[in-house]
There are 2 protein chains.
Amino acid sequence: MTEPSPPQSSPRQPQSRRDRYRTETRDEAKRIALDQLATGGQAALSLNAIARELGMTGPALYRYFAGRDELLTALIVDAYDDLGTTLTRAVADAAPDGPDEQIRALGRTMRAWALAQPHRYLLLFGTPFSGYHAPDAALEAAQASIGSVMEAMVDIESRRGRPVAPPSLFEQQLERAPWIPEELHGAIPGAVLADVLLTWTRLHGLIGLEVNGQFATMGFDPALLLERELDDIVGPG
Amino acid sequence: MTEPSPPQSSPRQPQSRRDRYRTETRDEAKRIALDQLATGGQAALSLNAIARELGMTGPALYRYFAGRDELLTALIVDAYDDLGTTLTRAVADAAPDGPDEQIRALGRTMRAWALAQPHRYLLLFGTPFSGYHAPDAALEAAQASIGSVMEAMVDIESRRGRPVAPPSLFEQQLERAPWIPEELHGAIPGAVLADVLLTWTRLHGLIGLEVNGQFATMGFDPALLLERELDDIVGPG
DNA sequence: TCGCTTCCGTTAGAGCCTCTAACTTCAGAG
DNA sequence: CTCTGAAGTTAGAGGCTCTAACGGAAGCGA
């Protein structure tokens, strides 16, 4: 499960012969780039080397990517898309088992995705680079991808029992946050939103540290730590 | 609070005139390196540029550092040391206020440390690089630094009330983990260790995402999210 | 079918980087 | 006071990103 999906560019409308060839080599370049990232880390990512592997000279690749940063951005966008659809699918598939199991599915799937391709996880949640990260394209992809996951989580959390209480200041802040659709302001309890955010951060804490090898010498099974965290998330709240 | 401590090399035993000058320029180089990291990200770290700023030619710096990686390792070791002492001090200072407040102090101090110098936090917990990260020196520093924090946390958690129950398999695994001193195997309840680990991962999840700017457009105050997480950590357990 | 345009690839090269080799120079140990 | 070794120098190999200028070929309209 959770095997990497091949890179593919989104717009598939009017593809002339030329266009098709173009996106083909773009995808091929991205595939090689991911290989480089996987084996050598981000320092090993080199347009020159990719071109060589594609059988062309270095500068030729600049017909396909404006530069290193744009290639990187493309990889980031792809990764966000892939992670987003993977997670929302996993959550949807677990729907019959109820909200608790959906949360567990989310956590397990996310961990599996990250461990299967740590370089991609780090691309999204590791050290930002490319000068200053976050061109608009990446930001949009992030919002779309994570947004849909958040939406699913809000849905799940809403279906779990929860004592009602007057919202704290922080919760009020959340209820009218800009990433919540205007018309839902106030409709989703801040407590639900807070739980969603904390679930998200907790999962990243666990997975991030594991991906970075911080558990390597600690002699326990990170999967079990995740299970325990999931118990806690699902349990009392 | 939590302002960066200047880099300083550890051994202060027999410093001849020459040696002193040597460690001085080493420290100076590290200071400049941190500046570069802070402003340009890890791609901007350049021995050549450091040398220029020091008023010497590029190759001269190789008398002080075997290469880029060694400089990087030195920075990592320093950062581990600094973080470790900062956190243990904060926890110790809060001792009079009881275990709960100590946990809160830990979380707040860690966040402050990370936000005050994100590049250093990312050096430790962001994407590993330098070919393959983790030379022995860095590993040792990590163990020492994080180990002392863990120790403090174990101490805190042990002083908090907690229902006793037969340890799960995972907890048994933890009780005899290699990073626990031999003679304490079995003495520290696995449940305590699990809580310590989860506190650690939760804090990193929150702080890591914030440092990477993932909360930037979400319109809430991350400090309040941390407070809520701390409530949860301290609260029911 | 012809010709024009646009894209794709090339070489050349500037400017940055890391790192090695071989030299000078100078300070401090003996 | 000598002489060894550390700290600096220049030269240069080989890598990278990216720009400029040019040749060929594929697709397009007429």
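In the text below, chain A, chain B and the rest are named by the order of the sequence lines, each starting its count at 1.
- Between Arg26(B) atom CZ and dA7(D) atom C1' the separation is 15 Å, expressed in whole Å.
- Per the geometry, CD belonging to Gln36(A) stands 14 Å off C1' belonging to dT17(D), to the nearest Å.
- In plain terms, the two heavy atoms of Tyr64(B) and Glu70(B) that are nearest each other are O-OE2, 4.1 Å.
- For the residue pair Thr217(A)/Gln143(B), the side-chain donor-acceptor check at 3.5 Å is satisfied.
- At whole-Å resolution of the value, CD in Glu70(A) and C1' in dC18(D) are 14 Å apart.
- Scanning both residues, Met218(A) and Pro178(B), for their nearest heavy atoms gives O-CD, 3.7 Å.
- Using a 4.0 Å cut-off between a side-chain N of Lys or Arg and a carboxylate O of Asp or Glu, Asp82(B) and Arg120(B) qualify as a salt bridge.
- For the pair Asp19(B) CG and dA7(D) P, the computed distance is 9 Å after rounding to whole Å.
- Contact check, Ser46(B) against dT18(C): a side-chain N or O comes under 4.0 Å of OP1 or OP2.
- Taking atom CZ of residue Arg20(A) and atom P of nucleotide dA26(D), one finds them 16 Å apart after rounding to whole Å.
- For Arg63(B) against Arg22(B), the heavy-atom pair with the smallest separation is O-NH2, 2.8 Å.
- Distance CG (Leu71(A)) to C1' (dC18(D)): 14 Å, rounded to an integer number of Å.
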Nucleic acid footprint by protein, nucleotides 4-10 of chain C - heavy-atom cut-off 4.0 Å, B for base, S for sugar-phosphate alone: --BSBBB
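- Looking at every heavy atom in both residues, Ala29(B) comes nearest to Phe65(B) through CB-CE1, 3.7 Å.
- Taking atom CZ on Phe65(B) and atom P on dT18(C), their separation rounds to 13 Å, with Å as the unit.
- Between Arg52(B) and dC17(C), a side-chain N or O to OP1/OP2 separation shorter than 4.0 Å is present.
- Where Tyr62(A) and Arg17(A) meet DNA chain D, the nucleotide closest to each residue was compared, and Tyr62(A) sits on the side nearer the 5' end.
- Nucleotide dC16(C) holds its C1' atom 15 Å from the CD1 atom of Ile50(B), rounded to whole Å.
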